Structure formats: structure tokens, C-alpha cells
Amino acid sequence: MKSSASSPAEVQLDKVIFSYGEGVFSFDVTCRAGHVTAIMGPSGSGKSTLLNLVAGFEKPASGHILIGNRNVTHDSPARRPVSMVFQENNLFAHLNVEQNVGLGRSPSLRLTKADHAAIIDALARTGLEAKNKRLPGELSGGERQRVALARVLVRERPVLLLDEPFASLGPALREDMLDLVAALQKERAMTVLFVTHQPEDAQRISHDMIFIETGHVVAQGPVQDFFSKAGPEAFQRYIGTQQAG
Ligand SMILES: Nc1ncnc2c1ncn2[C@@H]1O[C@H](COP(=O)(O)OP(=O)(O)OP(=O)(O)O)[C@@H](O)[C@H]1O
């Protein structure tokens, strides 16, 4: 059964422990339903790992993942009420825009009239109507990410995981894309977990922030608190280092 994107879902990592061998990750954290949570932290701190645990690409050694109060710890990625957009390689190169979006409805592209209507809607919403027959190789980087967002729309999952989706785009285009995400998030009341290295991107669209260091959440709270003078020391140090670099 498809989860409705209209019912916001909390995302909880409940005493989750995970390890790739050497480094241990421990996450005990909740992301508010229907809000955008930015996930920031130094390179290698575990931001993508956190998203992969929620998506089901990695399994915790112990603890639970709950989405909308449903325990999904043992569910495969396909069964989880989640969509994910990566920095790149979100699309199949041999399928055109419409087909790539259609995969969000049916992996075999057996599409009903209602599916086609949803695809047309999503293409209009993301400004891609005129490019529906193009292959990904015939699109700009920003357009390809729009296709990925159109697919998120037709999937109608309540949780959206964004792993630095606009990192390779220039600042003006990145702002456009972030505003599109913010509009779609609001429209669908999605719960968004947004990994980014850009403090200004986090500030632009996020309500909350999680700051990670060496596999642990070291600070969490409303995003504006992080940017005040009294913000978490670890975060201040991190953005200080980034700006100095
Ligand atoms: N498949 C894997 N096998 C072994 N180690 C891994 C694997 N994936 C990630 N790691 C290690 O786990 C740690 C956390 O990686 P992760 O990708 O979650 O960090 P990140 O905070 O998202 O980093 P970045 O900002 O550079 O993308 C890193 O030390 C990384 O080398």
C-alpha cells in the first residue's frame, strides 16, 4: 500500500548502532514530521550513513528505525515510505524524462491513466513539460535534478532524503532548486532530511538542524539557534573552519 504524502511522518533513529568495521556510528535522534531537518557535519562524519540507515541501504547492528511510528528496521528499501535524491546518477540514461519519472509509479513502467496524469502534473510542477521526451544526457545538471524531484512527487512518499542533491550546481541555480524543494515540501507536508555542506542552504529551507561529528549527533535544535552567537560550539567551530578554508 502506498503511504499518503498528506500524513506527515516523524523519522526516528532509536538507539541505532551501526559499524562499517572500524568507525562506530550511534544515532538516537528524531526528525519532526512535516519539517525540513538539515544534517551537517565534517566530511566522513556519517551524514550519508544516517540517510542510508533511514532508507534501508544499511541495517543497524542494534536499535530501531521508525517512520511515522512504524518500525521499518527490517523492511527492504522498496517497502519504506521514503524517496531519496542523490548528488547525481538519479536517472537511467537510456530512459527519457517521462519514463524516468514514471519509474516512481511503476518499476516496470506499466502505467495507468491516473499514473500518466500524475506524471504530467509533476513535469508541469517542476517546469519540465517541454522536455518530457529528452534523455538525461540532453539535459543540464539542474534539469536532471528536477526530473529526480518530479519522480519524488509521483512516488507520494511522506519522507524525502536529500543527499547533497544540488552540490554540483552554481549558487543561483542552487537557490532556485532549494526554493522548489521548499515549495514541494510545504505542498505535500513531507518530512525532509537534507544533507548539505552549505550553511546558507541549510538556513534557506530548514526548520531544524542535526550536527554530526565522528558518527554521533553532537547538537540538534531549531536551525536559527545554530546561527546565533550562542549556537552550539562544535557547529560554530565547523563553520568557522569552512569560512577560513
Ligand atoms: N560502504 C562503506 N564501507 C566502509 N566504510 C564506509 C562505507 N561508506 C562510508 N564509509 C565510511 O564511513 C564514514 C562515514 O561516511 P559517510 O559517507 O556517512 O560520511 P559523510 O558525513 O556523508 O561524508 P561526506 O560529507 O564526505 O559525504 C567515512 O569514514 C567513510 O569512509
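Quick caveat, the model's predicted, so the values are computed rather than measured. For ligands, and for the atoms within them, numbers begin at 1 and follow the listed sequence.
Two rings, from F25 and Y20, have their centers less than 6.0 Å apart.
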Test side chain to side chain contact (heavy atoms under 4.5 Å, CB included) on R151 and N100; report intermediate values, then the result.
CA-CA 7 Å; R151 185 161 63 207; N100 266 292; 3.6 Å; yes
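Between the side chains of E58 and N52, no donor-acceptor pair is found at a separation under 3.5 Å. H216 and S26 share a side-chain donor-acceptor pair at under 3.5 Å.
If you check which protein heavy atom lies closest to atom 15 (O) of ligand 1, you get T49 OG1, 3.8 Å. Among protein heavy atoms, the minimum distance from atom 17 (O) of ligand 1 is reached at S48 CB, 3.6 Å. What sits closest to atom 6 (C) of ligand 1 on the protein, heavy atoms only, is Y20 CD1, 3.3 Å. With hydrogens left out, the protein atom closest to atom 26 (O) of ligand 1 is S43 OG, 2.5 Å, a heavy atom. Looking at atom 21 (O) of ligand 1, its nearest protein heavy atom turns out to be K47 NZ, 2.8 Å.
In this structure, S45 counts as a contact residue of ligand 1, since one of its heavy atoms falls inside 4.0 Å of the ligand.
Rounding to the nearest 0.5 Å gives a distance of 6.5 Å between CG of L160 and OG of S83. To the nearest 0.5 angstrom, L123 atom CG is 6.0 Å from L128 atom CG.
Applying the 4.0 Å criterion to heavy atoms of F25 picks out, from ligand 1, the atoms 12 (O), 13 (C), 14 (C). Which parts of ligand 1 touch P42 is read off a 4.0 Å heavy-atom cut-off, strictly below it: atoms 21 (O).
Here's the thing with G44: one of its N/O atoms is less than 3.5 angstrom from an N/O atom of ligand 1. Considering backbone and side-chain atoms together, H197 places an N or O closer than 3.5 Å to an N or O of ligand 1. Below 3.5 Å of separation, one finds an N or O of G46 facing an N or O of ligand 1.
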Side chains of residues 217-230: which donor-acceptor partners sit under 3.5 Å, not counting sequence neighbours?
unit_1 : atom_1 : unit_2 : atom_2 : d
Q220   : NE2    : T30    : O      : 2.8
S228   : OG     : D225   : O      : 3.1
S228   : OG     : A230   : N      : 3.4

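Checking atom 10 (N) of ligand 1 against the protein gives a heavy-atom contact under 4.0 Å.
Proximity of D28 to V16: side-chain heavy atoms (C-beta onward) are nowhere separated by under 4.5 Å.
Scanning Q87, E22, E58, E164 for the heavy atom closest to atom 27 (O) of ligand 1 points to E164.
Listed for the N90 side chain is no donor-acceptor partner under 3.5 Å among the backbone atoms of A148.
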